[in-house]
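Here the structure is laid out as structure tokens; the discussion comes afterwards.
Computed over heavy atoms, backbone and side chain alike; hydrogens, waters and symmetry mates excluded.
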Amino acid sequence: MEIFMNSIIGNKKARSAVEQTAEIIFTICAFFAVLAVISITVYMFLNGTPALTKVGLTEILFSTVWKPTAADPSYGILYVILTSIVGTTLAILLGVPIGVLTAVFLAETAPEPLSKIVRPAIELLAGIPSVIYGLLGILLLCPAMYKLEQKIFAGSATHQFTGGANLISAVLVLAIMILPTVINISESALRSVPASLKAASLGLGASRIQTIFRVTIPAAKSGIATAIVLGVGRAIGEAMAISLVSGSSVNAPLPFHSVRFLTTAIVAEMGYAADLHRQVLFTIGLVLFVFIMIINMTLNKILKGEKE
């Protein structure tokens, strides 16, 4: 009996030591995660605010003229901000419904042999580097957009032809790029819905389609919302693919205009920028950073409100 009690006490002490060690490790990891966020925030504000005092907040945020290397330089990024807002919004409006409906198909109605083919293909899309999407856009999408542009603006003396690298091409590439994220997370959320909810709905006489759209999807809305948040994050933060298919010119965000996003503005000019020009690029990064923070906080608040 004494040996048995000693064994129990020894096991408790060992378990307690393991739990304490794990708690310390998790606390350290959490500390460094918070420290990283704070460090990034402080760094962005320290490097992004000097240009605001030198050029002026109104000049940078509300002027539409971007000529940083001219004799009389101008640093207006209003068109760049509007392009990011319009392009991201259109990509989400296009990509999210397709992604969610694809997830519903895979989780609820797809035959197993078909889902075994489609699911790995979607996972493969998630692993493709973004620059590959841009190259495919140049080879396949831009020529098609250019032919459409030539038909629409045939005989126009004022339109500047973009060769197919325009806002529409950028939106389509972004919509395709967010599909794997939205599909994978939404499908996981749909599969986690208890089978009893579906059985109860079917037992009350609801059809399968009614059960999917009135029971399953509402029950999985938290996971689907998370998928949308991550999709928004990828759409806003993408640079390489968009720089290849958007034309990278500062213009109003109209469908057949060559445009520049916040991310592509930094990528396109950071290599040769200096002095005030370089500081303004950090200000663009700060605007992008604040933009993402606002979107995340807004979506999180909406999700918390729905849960309550």
Side-chain angles (χ1 to χ4, degrees), residues 85-128 130 132-133 136-137 140-141 144 168-238 241 255 292 295-308:
I85 295 174
V86 172
T88 302
T89 302
L90 292 177
I92 294 300
L93 291 176
L94 181 63
V96 167
I98 296 174
V100 172
L101 291 177
T102 303
V104 170
F105 172 72
L106 291 175
E108 299 294 332
T109 62
E112 190 62 27
L114 180 60
S115 63
K116 287 182 178 179
I117 297 174
V118 176
R119 194 174 293 112
I122 294 171
E123 293 173 354
L124 180 62
L125 283 176
I128 295 176
S130 60
I132 302 300
Y133 285 99
L136 291 174
L140 302 176
L141 186 59
I168 296 178
S169 299
V171 167
L172 292 176
V173 170
L174 276 180
I176 293 172
M177 291 183 66
I178 68 174
L179 283 178
T181 301
V182 175
I183 293 172
N184 287 332
I185 299 177
S186 297
E187 184 187 359
S188 298
L190 290 167
R191 289 185 180 278
S192 66
V193 175
S196 58
L197 290 178
K198 305 175 188 177
S201 175
L202 294 172
L204 290 172
S207 65
R208 191 174 183 183
I209 296 298
Q210 289 175 325
T211 300
I212 290 173
F213 285 97
R214 296 188 180 183
V215 177
T216 306
I217 292 179
K221 65 181 179 181
S222 178
I224 294 174
T226 301
I228 295 173
V229 171
L230 294 176
V232 170
R234 179 163 193 187
I236 294 174
E238 183 52 47
I292 293 174
I295 290 177
N296 285 337
M297 288 189 294
T298 302
L299 291 175
N300 286 331
K301 188 173 182 179
I302 292 173
L303 292 178
K304 289 180 181 179
E306 289 180 352
K307 289 179 181 179
E308 292 174 357

Give the minimum heavy-atom separation between Gly99 and Ile183, together with the two atoms involved.
-> O-CG1, 3.4 Å
Spacing of CZ belonging to Phe213 relative to CG belonging to Leu101, to within rounding of 0.5 Å = 5.5 Å
Worked check of side chain to side chain contact (heavy atoms under 4.5 Å, CB included) between Ile168 and Leu90 = CA-CA 9 Å; Ile168 296 178; Leu90 292 177; over 6 Å; no
Any side-chain heavy atom of Tyr133 sitting closer than 4.5 Å to one from Leu125?
-> yes
Which pairs pass side chain to side chain donor-acceptor pair (under 3.5 Å) with one or both residues in residues 107-118, sequence neighbours excluded?
-> Glu108-Lys198
For the atom pair CG (Leu179) and CD1 (Ile122), what is the distance rounded to the nearest 0.5 Å?
-> 8.5 Å
Exercise: identify the closest heavy-atom pair between Val100 and Ser186 = CG2-OG, 4.2 Å
Over all heavy atoms of both residues, which pair between Ala241 and Ser130 is shortest? Give the atoms and the distance, please.
-> CB-O, 3.1 Å
Nearest 0.5 Å please: distance from the CG atom of Leu190 over to the CD1 atom of Ile224.
-> 4.5 Å
For Leu94 and Pro97, the nearest pair of non-hydrogen atoms, with its separation, is O-CD, 3.8 Å
Working to the nearest 0.5 Å, report the span between CD1 of Ile236 and CD1 of Ile178.
-> 10.5 Å
Identify the two heavy atoms, one from Arg119 and one from Leu106, that lie closest to each other, and give their separation to 0.1 Å.
-> NH2-O, 3.9 Å
When Leu174, Val182, Val232 are each screened for side-chain contact (heavy atoms from CB on, under 4.5 Å) with Ile92, the one that passes is Val232
The reported gap from OG1 in Thr226 to CD1 in Ile185 (rounded to nearest 0.5 angstrom) is 7.0 Å
Does a side-chain heavy-atom distance below 4.5 Å link Gln210 with Ser201?
-> no
Could you walk me through whether Ile212 and Ile217 pass side chain to side chain contact (heavy atoms under 4.5 Å, CB included), step by step?
-> CA-CA 6 Å; Ile212 290 173; Ile217 292 179; 4.3 Å; yes
Smallest separation among heavy atoms of Arg234 and Met177, with atom names = NH1-O, 3.2 Å
To the nearest 0.5 Å, tell me how far Arg191 CZ sits from Thr216 OG1.
-> 12.0 Å
